[in-house]
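No experiment lies behind these values; they were computed from the predicted model shown. In what follows, chains are A, B, ... by sequence order, proteins preceding strands, each numbered from 1.
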There are 2 protein chains.
Amino acid sequence: MRSSEKPEVLLHLEEMLSPVRQLLKAHSLRRTAIREQVLNVFLQRKEAVSQSDLEQALGHPDRITLYRTLRTFEEKGLVHRAIDGTDKLKFALCSSGCSHHKHQDQHAHGHCEHCGRTICMEGVWLPELQSVDGFQVKSTFLIVQGVCSDCGKRIATKK
Amino acid sequence: MRSSEKPEVLLHLEEMLSPVRQLLKAHSLRRTAIREQVLNVFLQRKEAVSQSDLEQALGHPDRITLYRTLRTFEEKGLVHRAIDGTDKLKFALCSSGCSHHKHQDQHAHGHCEHCGRTICMEGVWLPELQSVDGFQVKSTFLIVQGVCSDCGKRIATKK
DNA sequence: CTTATTTTGCAACCACGTTTCATTTTATCA
DNA sequence: TGATAAAATGAAACGTGGTTGCAAAATAAG
């Protein structure tokens, strides 16, 4: 689908409406199909997603390209790694506090042992440590494992 | 090396002295070479170790056997997974509070971004949460990233 | 010392992370 | 709009790690 096939009016509308393109432009990233698709998934879901989540959501695109897309996003400060205690690497959209090399992620991550989703818990604050037994603290992560509210309801109603 | 080649007095001494064999017996596990070796590494280092750490430390034994050894130890409550924010799975010796299926790990884990080691921080306590926005909390993990005291000293003296 | 049970080591498979390189696509500028 | 430089893609290929099944070996029990 080439953009030249669309009337100009529509093009301008799209440019105005698309937060995805704004994000790409703001981080000086070229606009490509997979980047837009990936960003759309990040914007739709508010949770942390793994590469395999994305592969499924996007109908199994080239996995190397997807891999590099995520790494590029991470480098440019669009996403950060969300540590959720699983061995699976997940990413979440950065908030405005993230820059290219310093990511801030001042909230806990809740990992649901039922559905496997990882949600960001904005309300939980992390202990602010500076040094522990000679260990210089640079960042802290709090992982909360349990059952998310959706799964909790589902279990309650089905039983 | 068959034990029958040693005098009986020595045998008794060994039995009395070996915490490794006590651990195995306490968890009704058979005494095998690799299990003793792995436990020795766990007892010597006080940090969390990954499978590849163990492979290196033990001179690359059969990796499947090692893999199953760790899983067995985990099932029997000898070790627990130590979440340190890396994608690499690590294990640490359980304290007395661990049973077969319920592991307690009430301390933070410090991950050194310099040497990659993961140490247990007994002094840092985790926030006790019960429910956050409908999320039922079952366990919490605190990961502290930074520079461990050894690396801190090493950097300070070398520069 | 024999036997039943457990553990080991091997083969084999799949998922994932990662790099290299030729080809394609994008943004830029005339 | 069309040519061009730079960037991104897709294929191939490799390494590591996790996992299972099965026959051989080792262990604990009698």
Whether A/Tyr67 contacts C/dC16 is assessed here as follows: a side-chain N or O lying under 4.0 Å from the phosphate OP1 or OP2. Is that the case?
no
Walking along DNA chain D from 5' to 3', note the first and the last nucleotide with an atom under 4.0 Å from a heavy atom of chain A, and give both.
D/dA6 to D/dA13
Atom-to-atom span, CG of B/Leu66 to P of C/dT7 - whole angstrom:
15 Å
B/Lys76 and B/Leu29, any side-chain heavy atoms less than 4.5 Å apart:
yes
Quick one: side chain to side chain contact (heavy atoms under 4.5 Å, CB included) partners of B/Ser149, sequence neighbours excluded?
none
NA contact type, B/Arg68, heavy-atom cut-off 4.0 Å: base, sugar-phosphate, or nothing?
base
With sugar-phosphate meaning primed atoms plus P, OP1 and OP2, does B/Ser52 contact a base, only sugar-phosphate, or nothing at under 4.0 Å between heavy atoms?
sugar-phosphate
Looking at B/Arg63, is its backbone amide N or carbonyl O close enough to the side chain of B/Gln51 to form a donor-acceptor pair, meaning the two atoms are under 3.5 Å apart?
yes
Report the distance from atom CD of B/Glu55 to atom P of C/dG9, rounded to the nearest whole Å.
13 Å
Under-3.5 Å N/O pairs linking protein and nucleotides 25-29 of chain C:
unit_1, atom_1, unit_2, atom_2, d
C/dT26, O2, A/Arg30, NH1, 2.6
C/dA27, OP1, A/Arg31, N, 3.1

Rounded distance (Å) that lies between atom P of C/dC16 and atom CZ of A/Arg71
17 Å
Give me the one residue out of A/Asp84, A/Asp150, A/Asp53 that meets salt bridge (charged side-chain N to carboxylate O under 4.0 Å, His left out) with A/Arg117.
A/Asp150
B/Lys88 NZ to C/dG17 C1', straight-line distance once rounded to whole Å
12 Å
Is there a donor-acceptor pair under 3.5 Å between the side chain of A/Arg35 and the backbone N or O of A/Arg30?
yes
Give a yes-or-no answer on whether the side chains of A/Thr118 and A/Lys90 include a donor-acceptor pair shorter than 3.5 Å.
yes
Tell me the interatomic distance from B/Ile64, atom CD1, to C/dA12, atom C1', rounded to whole angstroms.
10 Å
Using a heavy-atom cut-off of 4.0 Å across all strands, would you classify A/Arg63 as base, sugar-phosphate, or nothing?
base
Between the side chains of B/Glu36 and B/Arg31, is the shortest nitrogen-to-carboxylate-oxygen separation below 4.0 Å, so that they form an ion pair?
yes
Using every non-hydrogen atom in the two residues, find where A/Gln136 and B/Gly152 come nearest and quote the distance to one decimal.
NE2-CA, 3.9 Å
Hey, mind stepping through B/Leu54 and B/Val41 against side chain to side chain contact (heavy atoms under 4.5 Å, CB included) and telling me if it holds?
CA-CA 8 Å; B/Leu54 286 165; B/Val41 174; 3.7 Å; yes
